[in-house]
Structures are given as C-alpha cells and as structure tokens.
4 protein chains.
Amino acid sequence: MPTAVGRFRPPAVREIALRGTRRRYDPERRTRILRAALDVVAEHGVAGTTHRRVAATADVPLGSMTYHFTGMDEVLTEAFGLLADRVATRFTERLAAAANPDEACEAVVDLIVDESWATPRNMLLSYELYAFAVRNPPLRRVMQDWMEKSRAALRQHFAPDTAKVLDAMIEGLSIHRSVDVEPMSRAEVRSVVERLVH
Amino acid sequence: MPTAVGRFRPPAVREIALRGTRRRYDPERRTRILRAALDVVAEHGVAGTTHRRVAATADVPLGSMTYHFTGMDEVLTEAFGLLADRVATRFTERLAAAANPDEACEAVVDLIVDESWATPRNMLLSYELYAFAVRNPPLRRVMQDWMEKSRAALRQHFAPDTAKVLDAMIEGLSIHRSVDVEPMSRAEVRSVVERLVH
Amino acid sequence: MPTAVGRFRPPAVREIALRGTRRRYDPERRTRILRAALDVVAEHGVAGTTHRRVAATADVPLGSMTYHFTGMDEVLTEAFGLLADRVATRFTERLAAAANPDEACEAVVDLIVDESWATPRNMLLSYELYAFAVRNPPLRRVMQDWMEKSRAALRQHFAPDTAKVLDAMIEGLSIHRSVDVEPMSRAEVRSVVERLVH
Amino acid sequence: MPTAVGRFRPPAVREIALRGTRRRYDPERRTRILRAALDVVAEHGVAGTTHRRVAATADVPLGSMTYHFTGMDEVLTEAFGLLADRVATRFTERLAAAANPDEACEAVVDLIVDESWATPRNMLLSYELYAFAVRNPPLRRVMQDWMEKSRAALRQHFAPDTAKVLDAMIEGLSIHRSVDVEPMSRAEVRSVVERLVH
DNA sequence: GATGAATGAGGGTTCATTCAT
DNA sequence: GATGAATGAACCCTCATTCAT
C-alpha cells in the first residue's frame, strides 16, 4: 500500500546491527570532522574536498556533515582556523625557547630550513588557504590573526618593524625553498636573517 | 501532439549559443580557451573551474574543450604556463628599464608596492597555481621556470645570491601586503630592500 | 582545541527553538499539530509537507511528531478530518439560518459566491484532500462523511434528490469560479440554483 | 596519480555494452518523459513524483531529466498541459458526434456517467492538477484553456450561459460520483441535465 | 575536423525515523 | 513520558566525457 508522501522511506529495519561502532553522542565529532577536512584538503586540494570524502575520512556518516555544518564553506573556514591555531602555536613555542637574540635568529633560521614548521603539508595547506581566503572574507580574518600571532612571537626578540620584515622573509623563503631545485643553504639563510636584523 | 504549454525548447543547460556565427577554422581557439580559463580561475577558483564555464567564457562550444584538450588538468597546466609567461615578461621589462643600482632598487620597490605586478588578480592566481602545482608535477616545472626568469631579471642588476634573496623577499612582502590591514609603507619597503642589497 | 572561527554552535537545521519555555504536559498538542499541518499543506501542498515544517509551525519539538503520530499519513488523515469537520459545520450553520425555501436558495448562492466557504484556502485544501484521498482509503471515508453532512444540511430545506444535485452544483460552480477569469455573476448563480430547485 | 579537479571522474569505460537499446538521438524523448510523468503522478501523486521514478518509467537515464527540463515543476507543468489537451480533445469529439439537442444531452450524460472521460485516472489527475495549479501560475492558464475548450464544445449545442453551467455541473457530478457510495443513476443525471438545459 | 545531444557517476542537501537520555 | 542528536536513504542537480552526425 503506497504512501502518498512517497519521497522518503524509512531506513530498512536495521539488518547489519550497528556497523562499526555505534557513535551516538560523540562530543568530539565536530573537531574530528575538521581534522579530517584538513587531511582531505592536503590530499585532494580544496577542489577535491567533498562532503563524502571528509565524512569517510572522519568515519562519520554523510548526514553528519550537513547536520553539523551549513556547508562545505563552513567546514573549510573552521578547518583552516584550526590549522592557523596549531601552526601559530608551534611557531610561537619555537621562538619562546630562544634565550637571547642570537638564539632567536637561529630559531628563525630553523623555522625556514627545518621541516618542523614549513613542512610540505603545511606549505600546501597554506597555499590552499590563501587561494580560498580571497573568496571567503571570514578567512581573511583568520589569515590576519595568524600573521599577527607570528609577528607577536617575533616581537619577543626583535623590534616591531624587524618582526614584520622577518615574518615576510620567512614566508618568501619558505615558499621558494619548496620550489627551488637547489634550495638555499642554512648558512645563506642565516646570513639573510642577520642582514635584516642588524 | 504538442502541449499548450511548452512546445520544444532547447535544453535548459545551454546558454552559450553563438548560433549563426559558426566559427570553424579558428586558429586562436586554443589560446582563447586558455585566457578564458584564467578568467574563470580568477573568478571561481580552480575548484569552480569547469569545462562548461570555460567554454562559455571563451565563447566556444562545449565540445571544443575536450576536442582541443585531454582534460581540465591540461587546460589548467597550459593556462598557468601562459600566466607565468605574461607575468615574468612584465617583471623583466620593469627591471630592464632601470639604468643603475639605485633605479633597480626603486624598480624592486615598485614591483612590491605598485599594483602593477602584485595585483589582487595576480596574487590570487599565484595562490591557485601554488596549490595546484603541488599535485601536478608539470606545473612544478612552470613554477621553477618562472622563478628562474625572475632571478635572471634581478641578476641584471644584483649579484646572484642577492637576486635570490630579493626574489623571495618580493614574494613574502607581496603576500603579506595583500593580507595586512596596515600594509608597510613605501619607505619601509625601500629600507628593507636596501638592507638586503648592501 | 577550539578554533578561532567557530567555537561550538548548535546544528544548522534547528531554528524552532522554544528553549526555555518547556511545554511538557500539553494536552492540546495533538490538535495544535493538526492545525499546523493544515497551514503547511495550504502553503506548501501535501508534497511539501514535512515533519520538520509542521513541527516548526506548531512550535513543538521535532521528536513530538513521531511520538504522537505514526507517520505523516496519519497526521494528514487526521488533519483533513479536522478540516472536513470545520467546513461542514460552517456549511450547516449557514443553511440552518435560512427560514424558508427562498432564504435557503439565497444561502446556497452565498455559499458559492461569498468567500465565506469557498475561500481560496479551502478550495486549495479540498483539492489536496481529493488527490490525497484517492491513495488513502481512510480519507475516502472522511470525504463521504463530509458529503453526507452537506447533503443533510441541504435536506433541511430541499428534497433528497435535489439536495444531492445542489451539493454537486455547489462543488462544480465553486471550482469553476476559482478558475474562471470572468466568474459567473450572483444573478446567474441564483438562476441556476432555481432551475435545479423547481 | 590523482587529478586536482577531483570531483568528477570519467564514467567507467563502457563495460556492459549499451544497456538495453542505445537511444541517442531520440526526438520523441521529451514527449515520452511527459507521458511517463503522468503515469507516475497517477500512481504516486505529485508528492511522490520524482525525477528518478519518471526516468525509470520513461526508460531514460536520470540525467535526461534535467537535461530536457529545468526541474520537476517544468515537467509537471508540461505534463498537465498534455493531459488537458488530450482530455479536452476527447471531450470535444464526443460532443461533436451529437447531431441534435437531444443527442447532445445524451452526450453530456455519457461524459458524466460513462467511464470514458471521468475515469478514475482522469479524476485523480484533475485533482492533482487543481492542487498543483494553485501554486503554479502557468498551470492556471492551462486550466483556463481547458475550461474554455470544454465550454466551446458545449456551445456547439447550447447557449453560452447554459454551456458554462453544464460544464460546472459535469465537474461537480463527476467528482461526487467518484466519492459517492451510491452514485446517481443515469436517469437522475439525465433529469438534472434537462433541468439545466430548458 | 568539429559539434552538441546524451549519459550516469558523483555532487550537496533534506528528510523521516531511531534511540540514548 | 518526551526529546533532539544522529543517521543514511533518497532526493535534485551538475559535471566531464562520449559518440553519432
């Protein structure tokens, strides 16, 4: 006997008995989705980031995506916010560990040369963020906050103007190192940093 | 037996038209498609760049897309190549116009501060390119060539090491200027350039 | 670790709210839901009548819908029953107010011409009911009862056969009046009624 | 090697070799979809009429639906237009067959009593149309044209005013016959028609 | 050579319904 | 008893791509 409001039918009586772990009442779900979204962006780019892929990566049902977020833009916006927080925190910690100006310079060199901050993954995610932010005003704010946190970290050791310049230099050198077939040596980078500091 | 309502109408999706003015034997078609692709990327991002939109923007039939290109990746790869050529050429011309080291410094400052090279559109397209290139090896080559052309242009006036550093600085400052709520003044930029040059 | 952008927000779908004013022990809830269902049908059609919309309109929690009713079919069936009751009652009252055959004819004309019974809303709901009833046997009974009540009201003043014919005429003229660009005048309707009565 | 624009992948290389009959270049497709849509509406109601069900009934791929029509509203609008044409044509033909006023009356009675015009299917589709038309202005026009055609057919034998009344009576009696547990006899209907005609 | 009608996979989203609380 | 967070099936629609012309 067909129902008149026929578009949706009740889900087939549970036959498979809780696939995987039943995960009702999962307070960390939102955050897990955001982390998964960053993984998907890293692997497929914003262009290839779909609700389905993120849901699969986060191991949540597809319906959870639009239940917790209004759309993919919201997911990406919050995910990039999470990224900025995490990276800025690590950036700040590395600089806080420096005890004097010389160690501070060394820390800056590390941030450029080591793959602790400028990992391929982080670089890639940054590019995706920059491109995405142009079309998503809320993310411009995320980028500004991120930049300000970096500068604040640098101001622990350097004058404000120098901090701004160093921050830009870190950006430029990190990007070019990731492209260059013969990346600059550690010594060269150290020399550049010193020219900017003094 | 036609209905009173609809008769036949062309499919809803088609809006490109062009009907009438057939455009067979159109040697510029490939290039026109590439230019259109850049426009679409600038407006919708790589994520929103589809065959349909590019075809509509280039005013070519949809079938032309897969006739001239194997797929969107090929379109984007060639389009970004075109972008790199155009921008690198303008970059080189600006520096070639400088007659002495001081004018060269001024040219570098211009490239950062003026909106001649670092236009919002170019910045955006760069971000899209960087993100896209991570997943498309052919484009890494495009980026490397672009970087090498920029450095070569700078080597007209500066030592090779300095050229590399200046190029990275231009990159970093351009990006940060596009994000910063209070961008660095021209004088500050000039001062940074001089610190790197001497 | 909360992101800078989003913290936690309630799921996007919820807008009903009501928060605060808990409404436990609400004996009128069923009826309120049914009235809301009619409003939703009037606005969106049976096709667009969903649990969510009805719950929102009735200002009850979504869970209330499936708690009080087995499904949308039950909601609609009872809601249309309520409609039939209300409309048949008004119909009966209007006829009961007539004191003699002539006034009875006038009452019939009123029911067709005035927008007291054949309001756009009621006409619309009737169409939805008719369509729905074809596929829902319980509602055929509702329609039959409704028709019988109308005929009984007419039998107060007219012979049984005439009552049946008048009832059908009211139906037909009401529908055509709602479609016609130049609806029949009151005088014409009166003339039709008289031809059927005598 | 993942593609950057990853949302859509090419259809799997044809493995099943033209399922059913390959049906490219199918000029009757639109009409076939419309006929199928009426079948689906008759079976599931407008509420249960989905692209999928119509496509399956018409034996066309799902993508054909939105290729040929902008959406379900357009499908329904044209389908109901087709219905109106077909039914009005049959109505007209039946009346055209009458040679004199008496035969014309008999034809009217037939249209009400026989299941030639007022078939359950046609009645149901009419209800769905009426309900749908309230929310779709283009269909009001379809209904008006339909009504006008019916009246024109009746004017072949009756005065304009009488034609209008008869048309409404046909409507009302048809509906009530489809609801009534003891439908009016042929003789009663004949008597009603004569009262309206003279 | 070039086109565009047609395809069907995959997209985002909405929904009735369940079930731990 | 009553709720609402969570589910996943089904929805409509867009897309890159194919292939008869």
Side-chain angles (χ1 to χ4, degrees), chain A residues 3 5-14 18-19 22-27 29 48 50-53 55 60-72, chain B residues 10-14 16 18-19 22-26 29 50-53 55 60-72, chain C residues 10-14 16 18 22-26 29 50-53 55 60-72, chain D residues 3 5-14 18-19 22-27 29 50-53 55 60-72:
Chain A
T3 145
V5 181
R7 250 166 247 219
F8 294 90
R9 280 186 304 112
V13 184
R14 177 122 46 261
L18 347 168
R19 62 181 57 211
R22 211 87 172 79
R23 204 183 323 250
R24 302 221 161 196
Y25 307 105
D26 178 356
R29 171 154 302 185
T50 68
H51 282 189
R52 284 174 156 78
R53 281 211 252 250
V60 300
L62 176 58
S64 247
M65 296 299 298
T66 42
Y67 180 76
H68 287 287
F69 301 90
T70 57
M72 187 50 80
Chain B
V13 284
R14 185 135 39 80
I16 308 166
L18 162 61
R19 332 198 134 253
R22 289 313 198 101
R23 205 186 313 259
R24 307 230 164 185
Y25 310 114
D26 179 356
R29 176 160 294 188
T50 67
H51 282 191
R52 285 178 147 72
R53 282 210 251 250
V60 299
L62 176 57
S64 245
M65 295 300 297
T66 43
Y67 181 76
H68 288 288
F69 299 91
T70 59
M72 187 51 78
Chain C
V13 284
R14 186 137 36 81
I16 308 166
L18 163 62
R22 289 311 199 102
R23 204 184 316 254
R24 308 229 163 186
Y25 310 115
D26 178 356
R29 176 159 295 187
T50 67
H51 282 191
R52 285 177 147 74
R53 281 210 253 250
V60 299
L62 176 57
S64 245
M65 295 299 297
T66 43
Y67 181 77
H68 288 288
F69 300 91
T70 59
M72 186 50 79
Chain D
T3 145
V5 180
R7 250 166 247 218
F8 295 88
R9 280 185 305 111
V13 184
R14 177 122 47 262
L18 347 168
R19 62 181 58 212
R22 210 87 173 79
R23 203 184 321 252
R24 301 221 162 196
Y25 307 104
D26 178 357
R29 173 154 300 185
T50 67
H51 282 189
R52 286 175 151 75
R53 282 210 251 248
V60 299
L62 177 57
S64 246
M65 296 299 299
T66 43
Y67 179 75
H68 287 286
F69 300 91
T70 57
M72 187 49 80

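A, B, ... follow the sequence lines: proteins, then strands. Residue 1 opens every chain.
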Problem - Position toward the 5' end of DNA chain F (nearest nucleotide), B:T70 or D:G71 - result: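 Here D:G71 is the residue nearer the 5' end.
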
Exercise for the section: Take B:M65 and D:G63, find for each the nucleotide of DNA chain F with the closest heavy atom, and name the residue whose nucleotide sits nearer the 5' end. Expected result: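 Nearer the 5' end of the strand: D:G63.
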
Using a cut-off of strictly less than 4.0 Å, decide whether [X] has a side-chain nitrogen or oxygen near OP1 or OP2 of [N].
X: D:H68; N: E:dA6; value: yes
X: D:R52; N: F:dC11; value: yes
X: B:T50; N: F:dT14; value: no

Which listed nucleotide ([options]) is nearest to the side chain of [X]?
X: C:M72; options: E:dA16, F:dC15, F:dT7; result: E:dA16
X: B:H51; options: F:dA16, E:dT7, F:dG8; result: F:dA16
X: A:T66; options: E:dG4, E:dT3, E:dT13; result: E:dT13
X: A:R29; options: E:dA6, F:dT7, E:dG1; result: F:dT7
X: A:Y67; options: E:dA6, F:dT7, E:dT3; result: F:dT7

Practice task
State the NE2-CG distance between C:H51 and C:L62, to the nearest 0.5 angstrom.
Solution key: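 C:H51 NE2 to C:L62 CG: 8.5 Å, rounded to 0.5 Å.
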
Problem - Spatial distance of atom CZ (B:R52) from atom CE (B:M65) [nearest 0.5 Å] - result: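 Between atom CZ of B:R52 and atom CE of B:M65 there are 11.5 Å.
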
Problem - First encountered from the 5' end of DNA chain E, between D:S64 and B:S64 - result: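 Between the two, 5'-proximity favours B:S64.
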
Practice task
Can you see which heavy atom on B:S64 is nearest to which on B:R29, and at what distance?
Solution key: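 Smallest heavy-atom distance, with atoms named: OG-NH1, 2.7 Å.
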
Practice task
Taking side chain to side chain donor-acceptor pair (under 3.5 Å) as the test, write out the residues that go with B:T50, two or more places apart.
Solution key: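 Scan of B:T50 (side chain to side chain donor-acceptor pair (under 3.5 Å), adjacent residues dropped) gives none.
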
Exercise for the section: Return the set of residues passing side chain to side chain donor-acceptor pair (under 3.5 Å) with B:T66 (not counting sequence neighbours), or none when no residue passes. Expected result: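 Testing B:T66 for side chain to side chain donor-acceptor pair (under 3.5 Å), a comparison that skips the adjacent residues, returns none.
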
Exercise for the section: Measure from CG on A:L62 to P on F:dA5 and round the result to the nearest Å. Expected result: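 The answer, rounded to whole Å, is 19 Å.
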
Handout entry: Interatomic distance, C:F69 CZ vs E:dT17 P [rounded to whole Å]
Key =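 Distance, rounded to whole Å: 13 Å.
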
Completion exercise
Base-pair string, DNA chain E, Watson-Crick plus G-U, cut-off 3.5 Å on both distances, | for inter-strand, is .||||||||||||||||||||

